[in-house]
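Heads up: the structure comes next, in C-alpha cells.
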Amino acid sequence: MRFLLESLSVLCVFTGLVAVVRLASPFPLNHRRRHRPTTGIRLTFGSWLSMALEFQLGADIVATTTAATGQNLIQLAVVAVIRTFLNVFLAREIEAEQRTEAELQRAGAQD
C-alpha cells in the first residue's frame with residue numbers, strides 16, 4: 001500500500017511537470033488555445049504538488065501503522081506537521097494566485 005501511495009505521488013509530480021511543459025510550450029497542440037500566463041502554470045503545478053503531498057502523507061501513515069513504534073510515531077507526527085504546513089501554505093498561494101488571475105481577467109473583460 002505504501003509503495004502504491006508513493007508511486008501515485010511521483011505520478012502526480014510527473015503529471016504536473018508534463019502539464020507545465022505543455023502550457024509553457026511555444027507551440028500549443030490546440031492552436032486556438034491562448035498561451036497561459038506564468039500564473040496559470042504555477043497554479044497547475046502547485047495543484048499537482050499539493051496532491052503529491054497528500055499521497056506522501058498517506059504513505060507515511062500506512063508505513064507507521066504497519067510498524068508502530070514510539071520512534072516511528074514521533075517521526076510520523078513531525079513529518080505530518082511539516083507536510084501539512086507545506087500543503088496549507090501551498091493552498092494559500094494557489095488561492096491568492098487564482099484570485100489575482102480572476103481579477104486580471106475581469107479587468108481585461110472590462111477594457
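Minimum heavy-atom separation, A52 to S9: O-OG, 3.1 Å.
Going from atom CD of Q56 over to atom CD of E6 covers 5.5 Å, rounded to the nearest 0.5 Å. Interatomic distance, T15 OG1 to F45 CZ, rounded to the nearest 0.5 Å: 10.5 Å. Between atom CD1 of residue I94 and atom OG of residue S47 there is a gap of 4.0 Å, rounded to the nearest 0.5 Å. Taking CG of L76 as the start and CG of L57 as the end, the distance is 7.0 Å to the nearest 0.5 Å.
Here the options are E54, R92, M51, the test is side chain to side chain contact (heavy atoms under 4.5 Å, CB included), and the partner is N87; only E54 passes.
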Original post:
Step by step, would you call T69 with N72 a side-chain contact (heavy atoms from CB on, under 4.5 Å)?
Top reply: CA-CA 5 Å; T69 64; N72 286 354; 3.3 Å; yes
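D60 places a side-chain heavy atom less than 4.5 Å from the side chain of R2. Residues W48 and V13 fail the side-chain proximity criterion, which asks for heavy atoms closer than 4.5 Å.
Residues L49 and L17 are members of one and the same hydrophobic cluster, defined by side-chain heavy-atom contacts under 4.5 angstrom among Ile, Leu, Val, Met, Phe, Trp and Tyr. In the hydrophobic cluster analysis, where Ile, Leu, Val, Met, Phe, Trp and Tyr join through side-chain heavy atoms closer than 4.5 angstrom, F55 is grouped apart from V10. Hydrophobic cluster membership differs between L90 and V81, with clusters built from Ile, Leu, Val, Met, Phe, Trp and Tyr side chains linked at under 4.5 angstrom. Taking hydrophobic clusters as Ile, Leu, Val, Met, Phe, Trp and Tyr residues chained together by side-chain heavy-atom distances below 4.5 Å, M1 shares a cluster with L8.
A salt bridge is absent between R99 and E103: the closest approach of a Lys/Arg side-chain nitrogen to an acidic carboxylate oxygen does not fall below 4.0 angstrom.
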